[in-house]
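Working notes for the structure below.
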2 protein chains.
Amino acid sequence: MARRISPQNPESRNTTDGRRVEQQAENHRRTRKAHLSEIAEDYVEVIAELIDSNGEARAVDIARRLGVTHVTVVKTIARLVREDLVSTKPYRSIFLTDAGRQLAEKARHRHQIVVRFLKSLGVSDAAANADAEGIEHHVSAETLQAFEQYCRRMNHE
Amino acid sequence: MARRISPQNPESRNTTDGRRVEQQAENHRRTRKAHLSEIAEDYVEVIAELIDSNGEARAVDIARRLGVTHVTVVKTIARLVREDLVSTKPYRSIFLTDAGRQLAEKARHRHQIVVRFLKSLGVSDAAANADAEGIEHHVSAETLQAFEQYCRRMNHE
DNA sequence: TATTATATGTAGCCTTCGCTACACATGTTG
DNA sequence: CAACATGTGTAGCGAAGGCTACATATAATA
């Protein structure tokens with residue numbers, strides 16, 4: 001029976017390795033935390049879209065666009081109100097605060113860049129749109145800039 | 001007071017628009033669902049790493065690498081056992097099933113491609129590693145292929 | 001305006017990932 | 001082998017996103 005190589009010992013715990021492991025942990029922590037913001041961004045993005053096209057954002061429409069029930073929307077909106085991204089009044093539609101509008105703008109901007117970038121790479125429209133939905137939330141400023149640069153290079157030949 | 005543009009009417013509900021909205025909803029649904037697999041992939045990836053380097057994967061080591069407590073690991077591992085990705089015995093370390101090993105291999109492969117791709121684009125090592133952690137789970141087969149192709153083009157000068 | 005259709009809200013449930021605190025098993029070492 | 005360190009397990013909590021079922025409010029229309 002294969003027993004422990006380095007038993008009960010927190011793996012090869014030299015400092016170099018420890019730092020690498022801590023870095024890895026930090027990346028995972030960041031990614032997990034990002035997940036909370038992702039949903040917030042999706043909501044404000046959709047809300048901004050709806051306000052632009054319909055003049056207002058109603059819970060049912062948000063629900064339809066996100067593919068959830070209106071109950072889920074109501075609950076999540078409550079969180080976003082707590083976080084001061086949107087505001088509501090009972091039985092009235094949903095508004096963005098200044099912070100919410102800013103976040104929506106940022107999200108939309110990033111989203112567009114990612115889509116454009118993927119298309120420039122030769123990815124189909126459908127896949128570009130689908131993948132961007134997931135990717136956009138995990139792109140650092142540095143990477144986003146690299147995406148933009150690539151698009152520019154492609155356009156200027 | 002601004003009243004409804006198109007009151008009580010599920011937005012401009014012509015068929016064309018309806019299809020677009022349904023597509024958007026579907027993308028969001030997929031992205032949300034992906035989140036469950038993400039965590040599974042992170043776990044099997046780390047477990048595979050640990051088995052390679054240490055000969056075994058212990059809960060504490062997984063915890064350290066993912067930046068969570070061992071309790072969280074134990075709980076999540078229970079789910080992965082239910083999903084037949086890993087197997088355990090009380091007070092023994094953690095093993096991958098065939099399905100788990102396969103998933104780990106796939107995840108690792110994708111992860112490497114994404115990192116390599118980002119670096120080829122000119123992104124720093126740190127950012128490439130950090131962003132890949134989030135991006136890798138949202139890259140479709142088609143996009144992954146585009147990434148690989150780009151890397152190949154870069155290497156062949 | 002009364003009826004009906006649609007939107008919003010509330011109650012209460014599930015699941016998942018987090019956590020702390022404490023109990024118990026296993027390994028290491030004097 | 002006893003004592004101590006370290007790893008594993010369990011109880012019980014919170015926050016979030018999801019849901020169904022039902023109640024209530026608002027809007028459209030006969």
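In the text below, chain A, chain B and the rest are named by the order of the sequence lines, each starting its count at 1.
With dT16(C), dA16(D), dT8(C) as the choices, the nucleotide that has an atom nearest any side-chain atom of Tyr91(A) turns out to be dT8(C). Side-chain proximity of Val60(B) to the nucleotides dT16(C), dG7(D), dG17(D) is greatest for dG7(D).
If you measure from atom CG of Asp42(B) to atom C1' of dT16(C), you get 15 Å, rounded to the nearest angstrom. The CD-P distance, from Glu41(A) to dG17(D), rounds to 14 Å in whole Å. Atom P of nucleotide dC19(C) and atom NZ of Lys33(A) are separated by 13 Å, given to the nearest angstrom. Atom CG of Asp61(A) and atom P of dA27(D) are 14 Å apart (whole Å). In this structure, Lys89(B) places its NZ atom 18 Å from C1' of dG9(D), rounding to the nearest Å. Note: CZ (Arg82(A)) to P (dG14(D)) measures 14 Å, nearest angstrom. For Ile77(A) and dA16(D), the CD1 to P distance is 14 Å, given to the nearest whole Å. Whole-Å rounding puts the Leu66(B) CG to dT16(C) C1' distance at 15 Å.
Judged as a salt bridge (charged side-chain N to carboxylate O under 4.0 Å, His left out), and not counting sequence neighbours, Asp84(B) has no contacts. Every residue meeting the salt bridge (charged side-chain N to carboxylate O under 4.0 Å, His left out) condition with Arg29(B), not counting sequence neighbours, appears here in chain and number order: Glu22(B), Glu26(B). Applying the salt bridge (charged side-chain N to carboxylate O under 4.0 Å, His left out) criterion to Arg108(A), with sequence neighbours excluded, gives Asp52(A), Glu105(A). By the salt bridge (charged side-chain N to carboxylate O under 4.0 Å, His left out) test, Glu41(A) pairs with Arg110(A), sequence neighbours left out.
Contact between the side-chain N/O atoms of Arg79(A) and the OP1/OP2 oxygens of dG17(D) is found at a separation under 4.0 Å. Put simply, Arg92(A) has no side-chain N or O that comes within less than 4.0 Å of OP1 or OP2 on dG9(C). Residue Arg64(A) places no side-chain N or O under 4.0 Å from the OP1 or OP2 atom of dT6(C). Side-chain nitrogen and oxygen atoms of Arg58(B) include none within less than 4.0 Å of the OP1 or OP2 phosphate oxygen of dT26(C).
Annotation: the span from His35(A) atom NE2 to Ile39(A) atom CD1 amounts to 4.5 Å, rounded to 0.5 Å.
Near DNA chain D, meaning a heavy atom under 4.0 Å away, there are no residues from residues 22-31 of chain A.
In this structure, Thr76(B) contributes its side chain and Thr72(B) its backbone to a donor-acceptor pair below 3.5 Å. Remark: side-chain polar atoms of Thr143(A) are not paired, donor with acceptor, to backbone N or O of Val139(A) under 3.5 angstrom.
Within the structure, every pair that satisfies the salt bridge (Lys or Arg N to Asp or Glu O under 4.0 Å) test and touches residues 120-137 of chain A, not counting sequence neighbours, is listed here: Lys119(A)-Asp125(A). Residue pairs meeting the salt bridge (Lys or Arg N to Asp or Glu O under 4.0 Å) criterion with at least one member in residues 142-151 of chain A: none, sequence neighbours excluded. Sorted by first and then second residue, the ring-ring contact (aromatic ring centres under 6.0 Å, His included) pairs involving residues 104-144 of chain A (not counting sequence neighbours) are Phe117(A)-Phe147(A), Phe117(A)-Tyr150(A), His138(A)-His138(B).
Closest-nucleotide positions on DNA chain D for Pro90(B) and Glu83(A) were compared, and the one nearer the 5' end corresponds to Pro90(B).
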Report, one pair per line, the protein and nucleotides 19-21 of chain D atoms (nitrogen or oxygen only) whose separation is under 3.5 Å.
from    : atom 1 : to       : atom 2 : distance (Å)
dC19(D) : OP2    : Thr69(A) : N      : 3.0
dC19(D) : OP2    : Thr69(A) : OG1    : 3.0
dC19(D) : OP2    : Thr72(A) : OG1    : 2.7

